[in-house]
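Please read these numbers as outputs of a predicted model, since none were measured by experiment.
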Amino acid sequence: MTELQGFGDQIALGAFTTLRTALTSLALGIGVGLCGAAAKRSRVRIIRWLAGCYTTIVRGVPELLIILILYFGGTVALTTVFGRYVEVDAFAAGVFALTIVFGAYATEVFRAAIQAVPSGQIEAAQALGLSRFCVWCFVILPQMWRYALPGLGNLWLTLLKDTALISVVGLEDLMRKSSIAAGSTHDPLTFYSIAASLYLLFTSVSLVGLTWLERRADRGVRFAK
């Protein structure tokens with residue numbers, strides 16, 4: 001098909017942008033999720049309330065609306081601060097929005113995973129005189145990953161597909177590149193099918209990796225049985 005009618009390089013570049021956006025959002029979102037889970041378990045009531053408001057609002061609003069609000073809201077805020085029109089970078093706005101969304105769902109995954117850690121181990125660590133920070137780092141954190149992996153895997157697959165939403169604010173991702181190619185060549189079926197195949201490839205490879213991680217995390221458990 002002669003390099004996809006001249007759009008082969010553009011499709012590849014869009015696929016790279018999609019992966020870069022998803023991986024950046026994943027890394028930042030995990031950090032937000034850990035902070036959110038810690039906040040929900042805080043002894044300070046106002047911190048627990050703020051964390052609850054964050055997860056409730058984000059999980060109750062469609063991802064597309066969050067992207068649009070952050071993109072246009074950020075543009076308005078920067079324009080007000082600098083006194084001239086400043087447009088938010090599409091990649092930064094997309095990553096920020098996806099991080100906020102992923103972090104809200106990851107907060108609940110981590111919270112449930114922390115609760116799944118046997119309380120007896122936490123009490124034993126405290127009885128040994130370990131500080132709360134040491135209990136978190138050496139007792140809770142290493143074990144909670146095993147419980148959190150399945151939920152995080154599902155969130156990652158959702159995040160990969162949600163990157164397609166950022167094309168509405170101009171990010172040159174796989175979806176936008178495919179849309180441009182489809183419009184230019186008047187062959188939407190071909191290019192949208194290619195985009196679908198690439199998304200399926202990303203998720204299939206991710207599933208293989210997630211399965212390997214879960215098996216590795218469960219090695220000690222199976223050995224103990």
Exercise for the section: Answer yes if the side chains of Gln143 and Gln121 hold a donor-acceptor pair under 3.5 Å, and no otherwise. Expected result: yes
Looking at [X] and [Y], would you say the former's side chain and the latter's main chain have a donor-acceptor pair under 3.5 Å?
| X | Y | result |
| --- | --- | --- |
| Tyr192 | Met175 | no |
| Thr211 | Leu207 | yes |
| Thr203 | Leu200 | yes |
| Ser167 | Ala164 | yes |
| Thr163 | Leu160 | yes |
| Ser42 | Ala38 | no |

Problem - Atom CZ of Phe96: over 12 foreign heavy atoms under 6.0 Å - result: no
Exercise for the section: Answer yes if the ring centres of Phe202 and Trp156 are under 6.0 angstrom apart, and no otherwise. Expected result: no
Problem - Test: Arg20 cationic atom under 6.0 Å from Phe91 six-membered ring centre, within 45° of axis - result: yes
Handout entry: Glu108 and Lys40 ion-paired at < 4.0 Å
Key = yes
Practice task
Looking only at non-hydrogen atoms, find the nearest pair between Ile180 and Glu172 and report the distance.
Solution key: CD1-OE1, 4.0 Å
Completion exercise
Closest non-hydrogen atoms of Ala106 and Gly29, given as atom of the first, atom of the second and distance, are CB-O, 4.3 Å
[X]-[Y] co-clustered via ILVMFWY side chain contacts under 4.5 Å:
| X | Y | result |
| --- | --- | --- |
| Leu213 | Tyr147 | no |
| Phe16 | Tyr199 | no |
| Leu141 | Leu149 | no |
| Val169 | Val58 | yes |
| Tyr105 | Ile57 | yes |

Practice task
Nearest 0.5 Å please: distance from the CG atom of Leu159 over to the CG atom of Leu23.
Solution key: 8.5 Å
Exercise for the section: Find the distance between CG (Leu155) and CG (Asp162) and round it off to the nearest 0.5 Å. Expected result: 10.0 Å
Exercise for the section: For ring-ring contact (aromatic ring centres under 6.0 Å, His included), just list the numbers for Phe110 and Trp145, CA-CA rounded to whole Å, side-chain angles, deciding distance to a tenth of an Å, and then say yes or no. Expected result: CA-CA 8 Å; Phe110 285 132; Trp145 286 110; 5.5 Å; yes
Problem - Residue pair Leu13 / Leu174, side-chain heavy-atom distance below 4.5 Å - result: no
Handout entry: Gln115 side chain near Arg41 side chain, heavy-atom distance below 4.5 Å
Key = yes
Exercise for the section: Kindly determine whether Tyr54 and Val32 satisfy side chain to side chain contact (heavy atoms under 4.5 Å, CB included), including the steps that lead there. Expected result: CA-CA 11 Å; Tyr54 161 60; Val32 172; 3.4 Å; yes
